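Step one of this worksheet: look at the structure below.
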Amino acid sequence: MDGTLLKNQKVTEEELIAGGYKKYSGEDIDIFYNQSVCQHAGFCVRGSADVYEVGRRPWIIADNETAQRNVEIINTCPSGALKFIRKDD
Ligand code: SF4
């Protein structure tokens, strides 16, 4: 699923926050996560245990991977619970 889209439209931070997503800021990319959408399929954790660590606070640390790697992982999320906005392009 394309992590830049929400309802087939390019997402904005305002829409994500209004839609219940929580923001995890990184230097080159912000990751957004919506717990109520998550299907707990675990693709994120398997993609990077350094970025996604259940039980850690914050459980998402974007800067533990490159922005490009974050994009690849987020796009494997099947539910749409993960979205991103790049700040480096
Ligand atoms: S990949 Fe998406 S649906 Fe699966 S656990 Fe991570 S956030 Fe939830």
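Side chains are part of it too, since the values below use all heavy atoms of this structure and drop only hydrogens, waters and symmetry mates. Worth saying up front: this structure is predicted, and the values here are computed from it rather than measured. In listed order, ligands and their atoms are each counted from 1.
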Would you mind checking which non-hydrogen protein atom is closest to [atom], with the distance to 0.1 Å?
atom	result
atom 8 (Fe) of ligand 1	Cys38 SG, 2.2 Å
atom 5 (S) of ligand 1	Gly42 N, 3.2 Å
atom 3 (S) of ligand 1	Ser79 OG, 3.1 Å
atom 1 (S) of ligand 1	Cys44 N, 3.4 Å

Ligand 1 versus Tyr33: contacting region, heavy-atom distance under 4.0 Å: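 Near ligand 1, Tyr33 shows its side chain, while the N, CA, C and O stay back.
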Interatomic distance, [X] atom [atom1] to [Y] atom [atom2] [nearest 0.5 angstrom]:
X	Y	atom1	atom2	answer
Ile29	Ile74	CD1	CD1	4.5 Å
Asn64	Arg69	CG	CZ	13.0 Å
Asn34	Ile17	CG	CD1	10.0 Å

Mind checking whether atom 8 (Fe) of ligand 1 has an N, O or S of Cys77 under 2.8 Å?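 No N, O or S atom of Cys77 is closer than 2.8 Å to atom 8 (Fe) of ligand 1, so no.
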Sub-4.0 Å atoms of ligand 1 with respect to non-hydrogen atoms of Ala41: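 Ligand 1 atoms under the 4.0 Å threshold to Ala41: 4 (Fe), 5 (S).
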For Leu82, the ligand 1 atoms whose distance to one of its heavy atoms is below 4.0 Å: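 Contacts of ligand 1 toward Leu82, numbered from 1: 7 (S).
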Do you reckon [X] sits in the same ILVMFWY cluster as [Y], going by side-chain contacts under 4.5 Å, direct or chained?
X	Y	answer
Ile31	Trp59	yes
Leu16	Val71	no
Tyr21	Leu82	no

Go through Val51 and Ile73 one step at a time and tell me if the side chain to side chain contact (heavy atoms under 4.5 Å, CB included) criterion holds. CA-CA 10 Å; Val51 173; Ile73 295 166; 5.6 Å; no
Quick check: does His40 have an N/O/S atom under 2.8 Å of atom 6 (Fe) of ligand 1?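 Here the distance criterion (N, O or S atom, under 2.8 Å) is not met by His40, so no.
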